[in-house]
Amino acid sequence: MAINFVQGQVAVGDPNPGGPNANSNDKDPHVKVFKLTSANFTTTGVNTLLGVFPADSTFISVDYYTKTALSGNGVTSPTLSLGSASAGTQFTTTTALTNTSGTHARISGVSGFMQNYAVPLGGDIDLWAAGACSTGNPTAGEIYVYVTYVR
């Protein structure tokens, strides 16, 4: 069940009808990890369906890890946009990725997280990535995107 906040009241999803207690609205975090390679980045952009999350998911954070820097063909300035539709930017637009092997960073400027989702819930949540580079289409590289969410 998603975190459902109601201003000035107990969360809608709170399992304790008498109000909050030490265990009410307790959520276990889940993490999904997605691998992107050089094939997911070009100068014109590549849209990739990374995964599908249950309708009752509440995203907490998105991080990335550059295992191997994107390289080949003079590649520069890789970016990543995340959305709920192909070429979408509902979650983040054009986030610059650090193109250095071994780099880990949180993707900042994320919107659409910690939302007050309406009950009943809608459909499952698609997560699309749009990878692009300013110049050059890379021939090598490996980046992992991982999403932490609760339900």
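We use all heavy atoms of the structure for the numbers below, so side chains are in, but hydrogens, waters and symmetry mates are not. Please read these numbers as outputs of a predicted model, since none were measured by experiment.
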Spatial distance of atom [atom1] ([X]) from atom [atom2] ([Y]) [nearest 0.5 Å]:
X      : Y      : atom1 : atom2 : result
Ser71  : Asn99  : OG    : CG    : 8.0 Å
Thr95  : Arg106 : OG1   : CZ    : 13.0 Å
Asn40  : Glu142 : CG    : CD    : 11.0 Å
Tyr64  : Thr98  : OH    : OG1   : 3.5 Å
Asp124 : Ser57  : CG    : OG    : 8.0 Å

Taking all non-hydrogen atoms of both residues, which atom of [X] and which atom of [Y] are closest, and how far apart?
X      : Y     : value
Ser81  : Gly88 : CB-O, 4.3 Å
Gln90  : Ser84 : OE1-N, 2.9 Å
Thr148 : Pro29 : CG2-CB, 4.3 Å
Thr135 : Gly74 : OG1-O, 3.1 Å
Ser38  : Leu70 : CA-CD2, 3.9 Å

Testing Thr68, Thr103, Thr66 one by one against Ile143 for a side-chain contact (heavy atoms from CB on, under 4.5 Å), which residue passes? Thr66
What do the steps show when you test Thr92 against Val62 for side-chain contact (heavy atoms from CB on, under 4.5 Å), and what is the final call? CA-CA 10 Å; Thr92 185; Val62 179; over 6 Å; no
Please tell me if the side chains of [X] and [Y] come closer than 4.5 Å, counting only heavy atoms from C-beta onward.
X      : Y      : answer
Tyr146 : His104 : yes
Ile107 : Leu82  : yes
Phe34  : Leu127 : yes
Asp126 : Leu49  : yes
Thr43  : Asn137 : yes
Leu50  : Trp128 : no
Val33  : Val145 : no
Val150 : Asp28  : no

So that I know where these two stand, are Tyr149 and His30 an aromatic pair - ring centroids less than 6.0 Å apart? yes
Pair Tyr144, Asp63 - check side-chain contact (heavy atoms from CB on, under 4.5 Å), show working. CA-CA 8 Å; Tyr144 291 86; Asp63 296 83; over 6 Å; no
Assess whether atom NZ of Lys32 is packed by more than 12 heavy atoms of other residues, nucleotides or ligands within 6.0 Å.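 It does: Lys32 NZ has more than 12 such atoms within range.
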Is there a continuous path of hydrophobic side-chain contacts, each under 4.5 Å between heavy atoms, that joins Tyr65 to Val31?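 Yes; Val31 is reachable from Tyr65 via cluster members.
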Please confirm whether the backbone N or O of Gly45 pairs with a side-chain atom of Thr42, one donor and one acceptor, at under 3.5 Å?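 At least one qualifying donor-acceptor pair exists.
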With no hydrogens and no angle check, is any side-chain donor or acceptor of Asn47 less than 3.5 Å from a backbone partner on Ala87? yes
What's the verdict on side-chain contact (heavy atoms from CB on, under 4.5 Å) for Phe53 and Val147, showing C-alpha distance, side-chain angles and the deciding distance? CA-CA 10 Å; Phe53 293 81; Val147 178; 3.9 Å; yes
Give the intermediate values and the outcome of side-chain contact (heavy atoms from CB on, under 4.5 Å) for residues Thr139 and Asn73. CA-CA 7 Å; Thr139 56; Asn73 294 326; 3.5 Å; yes
